[in-house]
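It should be emphasised that the depicted structure is a prediction, and the values quoted were computed from it without experimental measurement.
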Amino acid sequence: MKELVGILNEAAKVYYQGRDEIMSNYEYDKLYDELGELEAKTGITMSASPTVHVGYETISELPKEPHISPMLSLDKTKEVEELVSWIGAEQGLLSLKLDGLSIILTYEGGHLTKALTRGNGEIGEVITNNARTFVNLPGQISFDGTLVIRGEALIRYPDFEELNAQTAEIHEKYKNPRNLCSGSVRQLNNEITAKRRVHFYVYNIVQSDRGEPFVTKKDELDWLADMGFDVVPFREVNRENIRAAVESFASEVTTCDLPSDGLVVTFNDLAYSASLGRTAKFPRDSIAFKWQDELADTVLREIEWSASRTGLINPVAIFDPVELEGTTVSRASVHNVSILKELKLGIGDTISVYKANMIIPQIYENKTKSGNCRIPAHCPVCGEAAELVQENGSVVLVCTNAGCYAKKIKSLSHFVSRDAMNIDGLSDATLEKLINMKLLHSVVDLFYLERYREELVNMEGFGEKSYQNLMNALEEAKDVPAANVLYSLGIKGIGLSMAKLIIRQYPYPLNRMQTLSVGDLTVVDGIGEVLAHSFTDYFSREENQKLVEELQKILRIQYPVVADRQPLAGRTFVITGSLHHFSNRNECKKKIEDLGGKVAGSVSSKTDYLVNNDAGSGSSKNKKAKELQIPIITEEELLPMLEQ
């Protein structure tokens, strides 16, 4: 079933992107029907299955709930011999200690009903809608009782590398899969979570009303696998083979797709485990084994300063090459001036380096601490003045030249990227050539490149076909949603999702954006004072106003359709449960918003109506609405409002 889900989703992706089909409609339908039959037979449906569609929803904040039992941490060791002593005469399971975010899932009647983050161990954040987008998670299982399980949400290394490859800016790249996963799982918009390809691996049952109790931990994991879950990779161990099992995992972890920061040993006998109880901090039936980070001493030879499109100049340590985790490493990001000073880095210093989570090169310590590194007074790219500023609690170096060459290349690269104007055929290398040939001075010049046909056709690496392809791409790019144009401007802190929210709230011509005040912007969900000032500062500059005016003339910008009448203006709705007259919640949400209404993700005192076809359900939203005396209406009652 998982194989079929992967094949069908890839076929659909290729089809809808307009690329060559990888199978005929007949073949697709045949596999689709086979998957449907298997789902009906087993009672299991994966969340990513093409037979179901997860509705995307934006909420204002993540609600919090207490766990049914505390989510404890594990005691730790870095010594294999301590594991041998710990397991003693018992049988155990040795599994990967996955490096993601611990999540508790609750299934009732075969359906996923709740997902909680670990939080502080006592109270977690509710991320149920986000969990429903996890790539490999069953949305439905064949067990009809109550099942509460604990596992790890994570982003696999191949997905992490692909997502990072789509981010051009050094300072915007994610430092490791765990940080990316944490941010992805806790999104207020689960469409973003879905795009991050989060996976879930289960490692134990917290609570179950299954009649027949499990005898061993292995039985428990095998049963969960039969339910359609991916379980954490494990091996059965005892005091005789645990050393070899640790070595085996250690040899595999460098090529494993799953981020891991160690191993976990737990007793296989569940009754014995339960009898051990716990300390105030740790359960007594499990212990974590942390990988010894492979450290290497080397000599710092240079601090390279790398400029970005936002003007940040980031320090990068260059040192004598060393072998770490099977690869040669000679550079590591220092991230900002604060860290540079904290490490007291100096040219010629002896430093210890390692790979965080066995992938990201980092400086562990500076053994000589000469502190002789000088902070440049000028931008390494344009030569203009650089200055130190405070940003988010850290000291950073910034280029003061608005026309900096690095800013120009990176801004152009951002402008043509997929989520912005989506212009094919303009790599960074090509953009550099065009700038050096003085054909490009700003993003507007891209749309006048047809004037330079002869120069482009004769440019190294180009030709007549490349020229025509580029002209076609530029013409196609002129038909563009307003949110993509707003994102393409590179306003600090304004990503594509935020741009969509702004345009939805203010579907104005782009050159009217300069009239928005900080107060106007903070009305938009998710925008605070800092982002609002970033937005207004951008549009207050004369050069940016001119740029937007020119783009307004060149592009065929598509704005959201707003009804002439706004009968729902000032009313806030919350939608929950299944819908019958709309294909999904987003369709219903769009209709309400087109008529001037607002759709929130959670019930509050500001809610005017809760839309729920099951008004008698005991859901948390229903309970909250009743507490606040907010009307609970069905779709049938909503439809006349939408036809006003």
task = Carefully, step by step, assess E636 and H581 under the rule side chain to side chain donor-acceptor pair (under 3.5 Å).
result = CA-CA 9 Å; E636 298 296 339; H581 295 277; 2.7 Å; yes

Are the side chain of [X] and the backbone N or O of [Y] linked by a donor-acceptor pair below 3.5 Å?
X: E476; Y: A473; result: no
X: R196; Y: G183; result: no
X: Q552; Y: L510; result: yes
X: N422; Y: S417; result: no
X: E125; Y: R186; result: no
X: D608; Y: T572; result: yes
X: D222; Y: D219; result: no
X: S47; Y: L137; result: yes
X: N190; Y: N129; result: yes

When you compare the side chain of [Y] with that of [X], does any pair of heavy atoms fall below 4.5 Å?
X: F134; Y: T193; result: yes
X: L116; Y: I127; result: no
X: Y609; Y: M641; result: yes
X: D257; Y: D159; result: no
X: F573; Y: L638; result: yes
X: T146; Y: E108; result: yes
X: T113; Y: T128; result: no
X: I149; Y: L224; result: yes

Heavy-atom pair of closest approach, residues [X] and [Y]:
X: M71; Y: I104; result: SD-CG1, 3.3 Å
X: S184; Y: I155; result: OG-CD1, 3.8 Å
X: G228; Y: P138; result: O-CG, 3.4 Å
X: I502; Y: V524; result: N-CG1, 4.2 Å
X: V518; Y: A532; result: CG1-CB, 3.8 Å
X: L610; Y: A625; result: CD2-CB, 3.8 Å

request  = Apply side-chain contact (heavy atoms from CB on, under 4.5 Å) to L98 and F200, showing your working.
outcome  = CA-CA 10 Å; L98 299 176; F200 180 83; over 6 Å; no

I'd like to know if [X] pairs up with [Y] as an ion pair, taking the criterion as any Lys NZ or Arg NE/NH1/NH2 lying under 4.0 Å from an Asp or Glu carboxylate oxygen.
X: R118; Y: E152; result: no
X: E550; Y: K553; result: no
X: D537; Y: K492; result: no

request  = Consider only side-chain N and O atoms of Y506 and T515, and report whether a donor and an acceptor are under 3.5 Å apart.
outcome  = no

ask   = Any chance the side chains of N612 and N622 put a donor and an acceptor closer than 3.5 Å?
value = yes

Please determine whether the number of non-hydrogen atoms from other residues, nucleotides or ligands lying under 6.0 Å from atom [atom1] of [X] exceeds 12.
X: K623; atom1: NZ; value: no
X: K606; atom1: NZ; value: no
X: K624; atom1: NZ; value: no

key: Parallel, tilted or perpendicular: rings of F535 and F539 (30°, 60°)   = tilted

key: side-chain contact (heavy atoms from CB on, under 4.5 Å) evaluation trace for L551 with L489   = CA-CA 10 Å; L551 289 175; L489 299 177; 3.9 Å; yes

message = Between L628 and T607, is the side-chain contact (heavy atoms from CB on, under 4.5 Å) condition met? List the steps.
response = CA-CA 9 Å; L628 298 173; T607 305; over 6 Å; no

ask   = Do S208 and F143 pass the side-chain contact (heavy atoms from CB on, under 4.5 Å) test, and can you show the C-alpha distance, the side-chain angles, and the key distance before you say yes or no?
value = CA-CA 10 Å; S208 169; F143 178 65; 4.0 Å; yes

task = Nearest 0.5 Å please: distance from the OG1 atom of T536 over to the CD1 atom of I491.
result = 10.0 Å

task = Check the pair K64, E122 against salt bridge (Lys or Arg N to Asp or Glu O under 4.0 Å), reporting the backbone distance first and the verdict last.
result = CA-CA 10 Å; K64 297 176 176 61; E122 299 286 342; over 6 Å; no

